[in-house]
Every structure is written in structure tokens, then in C-alpha cells.
Amino acid sequence: MTSVPSVPDRQPGGGRPTRVLLADDHTLVRRGVRLILDGEPDLTVVAEAGDGAEAVARARDTDVDLAVLDIAMPRMTGLQAARELSRRLPDLRILILTMYDNEQYFFEALKAGACGYVLKSVADLVEACRAAMRDEPFIYPGAETALVRTYLERMRRGEGLPARTVTDREEEVLKLVAEGHTTKEIAELLYISAKTVESHRANLLQKLGLRDRLELTRYAIRAGLIEP
């Protein structure tokens, strides 16, 4: 009888370690997180990225099981990368790693396809990775009560979940504007026309009640799209 080769088990405790893609624009942070993950027998970092766009590219050309994405990164945020990866690689597990203890980001992370939301200041990333590979949701300790209470209060008032102010494309344009890119550069990066870029920027100013690039930049900082 011809034996059938077994498929490597990707779950914790299985036949091979979970292969992790780590994305953060701070080299020292990536190095520290990598040391933590590589120190575990069931986890191994096989790819790194310095921004969201690079993370998407690395996930597509590397065999990875789990993507750990920082929120605030150049070119494309972790949330934007999560949305793209969820569309392109639906079987990939995604964790958002962030310094922002923010309810809006948490719900956006879930809507983007992430299965976990972990604060950089909390030492539970390893358990979050293992929970993700068990298909279990994970949020940092202490957040559950506050989030559930807020959600129930919203439902009682008939408000539901917090709504996004801008569309995915407008968010992409906003981030690039705030990073100082010209209209032509944004058009080339997003594969759209300069006229479309100008239209998105005008819509953003109107939606957000802002006047110019400087105020858009300040908004992007408050929204966690770029760092101060």
C-alpha cells in the first residue's frame, strides 16, 4: 500500500511551528518581538515588513500562517493591510499589535478580519498568537468588560457599533496626504488618476469639516494613521 504523506499541522503542538509574518516600521520593536516569538518552540518568524504594503507583498510570496501587524505604519496601516490580506488570503490569521488602547480601532480590527487585538505594553502576544491558531478571538486582558459595557449601552440607545467616517479609499488617500506625498505620487501609488485623488481629498475636507492639508495631517495623527 502506498503511504500518503502527512500534511504539517499548523496548530500549536502540531508537526511544525506556526510561521509568523511580523510587520512594524520600528526596527528595534520588530527585533524585540521577534526574539520573544522565536523563543517559543511553536512559533517562528519567517518574514518581516516595515510597512503595510510590504506586509501584503511578503504574505503573498511567503508561506505564513499568521500575520502580526502594527497599526501605525507608513504607506499602508496595519488595518488597511489586514483588509487587503483578508480579501487575498482568507485562511491567513491576523493579529493587530498596537500601542493604542482604543475602542474604535478594536472594532475596526475585527471588521478588517483580525482575530486579535494586542497592546504592545501587555506581555501576552505569545498567547494571542496561539489563540489565533486555535481560531479563538483574543483581546488584551481588562478590555472585555469595558467593551461589552460600551456595546450594550450603545445597543440600549439604538446606536449599534461605531460607524466609520471615511471609506477605505479615502483613508488610503488621507494617510498618503498626511505623509507629505504629492497628488501625482498618490495617484501613482494607488493606481488612480490625479483628478480622482483631488476628488477624494475634497470629500475628506468636507466630511471631516477641515480646511487644508495641515488639518488633514492633524486628523490623521489623531486617527492613528501616522505617528506624530
Side-chain angles (χ1 to χ4, degrees), residues 23-25 49-57 59 67 69-88 90 94-117 119 139 143 147 150-151 153-155 157-228:
D24 194 298
D25 58 320
D51 61 57
E54 184 183 1
V56 172
L69 309 174
D70 183 31
I71 279 188
M73 294 188 289
R75 292 205 295 167
M76 181 184 285
T77 68
L79 292 177
Q80 291 170 336
R83 293 184 198 115
E84 185 71 11
L85 289 171
S86 294
R87 287 193 291 263
R88 294 177 179 270
I94 300 171
L95 284 177
I96 295 296
L97 181 63
T98 178
M99 66 177 64
Y100 301 105
D101 185 359
N102 182 294
E103 171 199 350
Q104 181 73 45
Y105 295 151
F106 168 74
F107 286 119
E108 288 299 330
L110 294 185
K111 287 191 283 187
C115 55
Y117 188 89
L119 290 183
I139 58 175
L147 288 169
T150 300
Y151 174 76
E153 288 175 355
R154 275 205 172 96
M155 294 304 292
R157 295 195 300 264
E159 296 177 4
L161 294 177
R164 294 186 70 212
T165 304
V166 299
T167 66
D168 289 352
R169 179 61 89 186
E170 287 171 344
E171 184 180 85
E172 291 173 341
V173 171
L174 170 61
K175 178 173 174 58
L176 294 172
V177 167
E179 288 178 347
H181 293 281
T182 66
T183 297
K184 181 180 178 182
E185 290 170 342
I186 295 172
E188 291 173 350
L189 286 168
L190 298 181
Y191 302 101
I192 57 179
S193 69
K195 185 176 180 180
T196 301
V197 174
E198 293 291 353
S199 176
H200 283 310
R201 182 156 50 190
N203 289 339
L204 284 165
L205 291 171
Q206 183 178 16
K207 277 186 176 183
L208 301 175
L210 304 177
R211 293 173 296 180
D212 52 31
R213 176 190 287 266
L214 178 59
E215 291 190 352
L216 282 174
T217 301
R218 289 172 177 163
Y219 178 89
I221 292 172
R222 292 197 304 272
L225 295 174
I226 64 171
E227 294 183 341

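- When all heavy atoms of Gly52 and Ala81 are compared, the pair lying nearest together is O-CB, 3.8 Å.
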Considering only distance and modelled atom types, tabulate donor-acceptor pairs under 3.5 Å from the side chains of residues 186-196, sequence neighbours left out.
| from | atom 1 | to | atom 2 | distance (Å) |
| --- | --- | --- | --- | --- |
| Ser193 | OG | Thr196 | N | 3.1 |
| Ser193 | OG | Thr196 | OG1 | 2.8 |

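- A donor atom on one side chain and an acceptor atom on the other are found under 3.5 Å apart for Glu171 and Gln80.
- For Arg213, there are no salt bridge (Lys or Arg N to Asp or Glu O under 4.0 Å) partners at least two apart in sequence or on another chain.
- Taking the side-chain contact (heavy atoms from CB on, under 4.5 Å) definition, one finds that Ala55 meets it with Leu21, Ala23, Ala49, Leu69, sequence neighbours left out.
- Ala114 pairs by the side-chain contact (heavy atoms from CB on, under 4.5 Å) definition with Ile94, Ile96, Ala109, not counting sequence neighbours.
- Separating the CD1 atom in Ile71 from the CD atom in Glu108 is a distance of 9.5 Å, to the nearest 0.5 Å.
- For Ala72, the side-chain contact (heavy atoms from CB on, under 4.5 Å) criterion is met by Tyr100, Glu227, not counting sequence neighbours.
- Contacts of Asp51 classified as side chain to side chain donor-acceptor pair (under 3.5 Å), with partners at least two apart in sequence or in another chain: Arg75.
- Counting only heavy atoms from C-beta outward, the side chains of Leu216 and Leu205 approach each other to under 4.5 Å.
- Residues that satisfy the salt bridge (Lys or Arg N to Asp or Glu O under 4.0 Å) test with Glu185, not counting sequence neighbours, are absent from this structure.
- Atom OH of residue Tyr117 and atom CG of residue Leu95 lie 12.5 Å apart, to the nearest 0.5 angstrom.
- Partners of Thr183 according to the side chain to side chain donor-acceptor pair (under 3.5 Å) rule, which considers only residues two or more places apart in sequence or in another chain, are Glu198, Arg201.
- Annotation: side chain to side chain donor-acceptor pair (under 3.5 Å) contacts of Arg88 (sequence neighbours excluded): Glu84.
- The side-chain heavy atoms of His181 and Lys175, taken from C-beta on, include no pair separated by under 4.5 Å.
- For Ala220, the side-chain contact (heavy atoms from CB on, under 4.5 Å) partners are Leu174, Ala178, Leu225, Ile226, not counting sequence neighbours.
- Applying the side chain to side chain donor-acceptor pair (under 3.5 Å) test to Arg218 and every residue at least two apart in sequence or in another chain returns nothing.
- Arg87 CZ: more than 12 foreign heavy atoms inside a 6.0 Å radius.
- For Ala67 against Leu85, the heavy-atom pair with the smallest separation is CB-CD1, 4.3 Å.
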